Amino acid sequence: MRRLVFLSLAGLIFSAAIPALPTSNPEELIGTWRVDLRPTPDAEPYYQDFVVTGVEDGALTGSFYGSDIEEARLNTDWGPVHFAFITRDGSGVYHTTGVLRDGALTGTTHSLGRDFLAVWRATKAD
């Protein structure tokens, strides 16, 4: 019985510690995004397009940096829309994740082949 009470209290504390997040609609992703891939915060902007052509059944379609998006997944369970996908070029696979919050995107792109992790921001171009 004590364990049940403890677990109930722990669950109450945990749920109270996580505020409700504003929700986003995955369809807000559809369109062209101007992604700033500058390597450091003080570097000159370096823009590439992230084009989302559709969202359906927990996935998205489109292209990033001129490469088709593969294995895309969406998650809306935590309020904002979170997404992940891969793209490829001659150096290998790029793992990209991002979040749609307040009409803007933030994310990361990880390349094993080129040994980097890029942190980026994007605004809608259209």
Side-chain angles (χ1 to χ4, degrees):
M1 178 71 171
R2 245 186 289 170
R3 186 175 186 180
L4 180 60
V5 171
F6 174 76
L7 289 175
S8 295
L9 285 173
L12 213 82
I13 292 168
F14 181 73
S15 64
I18 298 178
L21 297 170
T23 58
S24 297
N25 179 351
E27 293 195 4
E28 293 176 39
L29 286 171
I30 296 173
T32 300
W33 295 83
R34 188 175 188 209
V35 180
D36 185 351
L37 291 167
R38 70 181 78 195
T40 61
D42 57 342
E44 291 294 315
Y46 174 63
Y47 297 108
Q48 290 293 320
D49 287 341
F50 171 38
V51 180
V52 179
T53 55
V55 293
E56 188 175 343
D57 297 329
L60 63 87
T61 55
S63 63
F64 182 47
Y65 207 110
S67 296
D68 289 339
I69 290 171
E70 302 174 35
E71 303 297 330
R73 301 293 179 266
L74 295 170
N75 185 317
T76 58
D77 294 339
W78 293 87
V81 176
H82 293 259
F83 58 88
F85 58 83
I86 63 170
T87 54
R88 301 171 191 270
D89 71 6
S91 70
V93 176
Y94 296 79
H95 301 262
T96 297
T97 65
V99 136
L100 170 63
R101 199 178 272 122
D102 299 324
L105 299 178
T106 55
T108 62
T109 298
H110 179 211
S111 169
L112 295 175
R114 294 186 54 210
D115 193 29
F116 73 78
L117 175 66
V119 176
W120 52 263
R121 296 178 189 182
T123 56
K124 205 145 195 196
D126 57 9

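Note that this is a predicted model, so its numbers are computed, not measured.
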Verdict with supporting geometry, Tyr65 and Asp89, side-chain contact (heavy atoms from CB on, under 4.5 Å): CA-CA 10 Å; Tyr65 207 110; Asp89 71 6; over 6 Å; no
Establish whether [X] and [Y] are linked, either directly or via other cluster members, by ILVMFWY side-chain heavy-atom contacts under 4.5 Å.
X	Y	value
Val51	Val81	no
Tyr94	Ile69	no
Val35	Ile30	yes
Ile86	Trp33	no

Are any side-chain N or O atoms of [X] and backbone N or O atoms of [Y], one a donor and one an acceptor, separated by less than 3.5 Å?
X	Y	answer
Arg34	Ala125	no
Thr109	Ala118	no
Thr53	Thr61	yes

Any Leu60 side-chain heavy atom under 4.5 Å of Pro26 side chain: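 When only atoms from C-beta onward are counted, Pro26 and Leu60 do not touch, as no gap falls below 4.5 Å.
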Note, Trp120 side chain near Asp36 side chain (heavy atom, < 4.5 Å):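 Trp120 vs Asp36: side chains apart.
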Over 12 non-hydrogen atoms of neighbours within 6.0 angstrom of CD in Glu70: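 More than 12 within 6.0 Å, yes.
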Could you report the tightest heavy-atom contact between [X] and [Y], atom names first, then the distance?
X	Y	result
Phe83	Val99	CE2-N, 3.8 Å
Arg88	Ser67	O-OG, 3.0 Å
Thr87	Asp68	CG2-O, 3.6 Å
Ala59	Ala72	CB-O, 3.5 Å

Inter-residue atom distance Asp102.CG - Leu105.CG, 0.5 Å rounding: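 Spacing of CG (Asp102) from CG (Leu105) equals 11.5 Å.
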Interatomic distance, Phe85 atom CZ to Arg73 atom CZ [nearest 0.5 angstrom]: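 Atom-to-atom, Phe85:CZ and Arg73:CZ are 12.5 Å apart.
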Ring geometry between Phe50 and Phe64 (parallel below 30°, tilted from 30 to 60°, perpendicular above 60°):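 Phe64 and Phe50: perpendicular rings.
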Check: Tyr46/Glu44 side-chain N/O donor and acceptor closer than 3.5 Å: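 Looking only at side-chain atoms, Glu44 and Tyr46 do not form any donor-acceptor pair under 3.5 Å.
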For Leu100, the option from Glu28, His82, Lys124 that meets side-chain contact (heavy atoms from CB on, under 4.5 Å):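 Only match with Leu100 under side-chain contact (heavy atoms from CB on, under 4.5 Å): Glu28.
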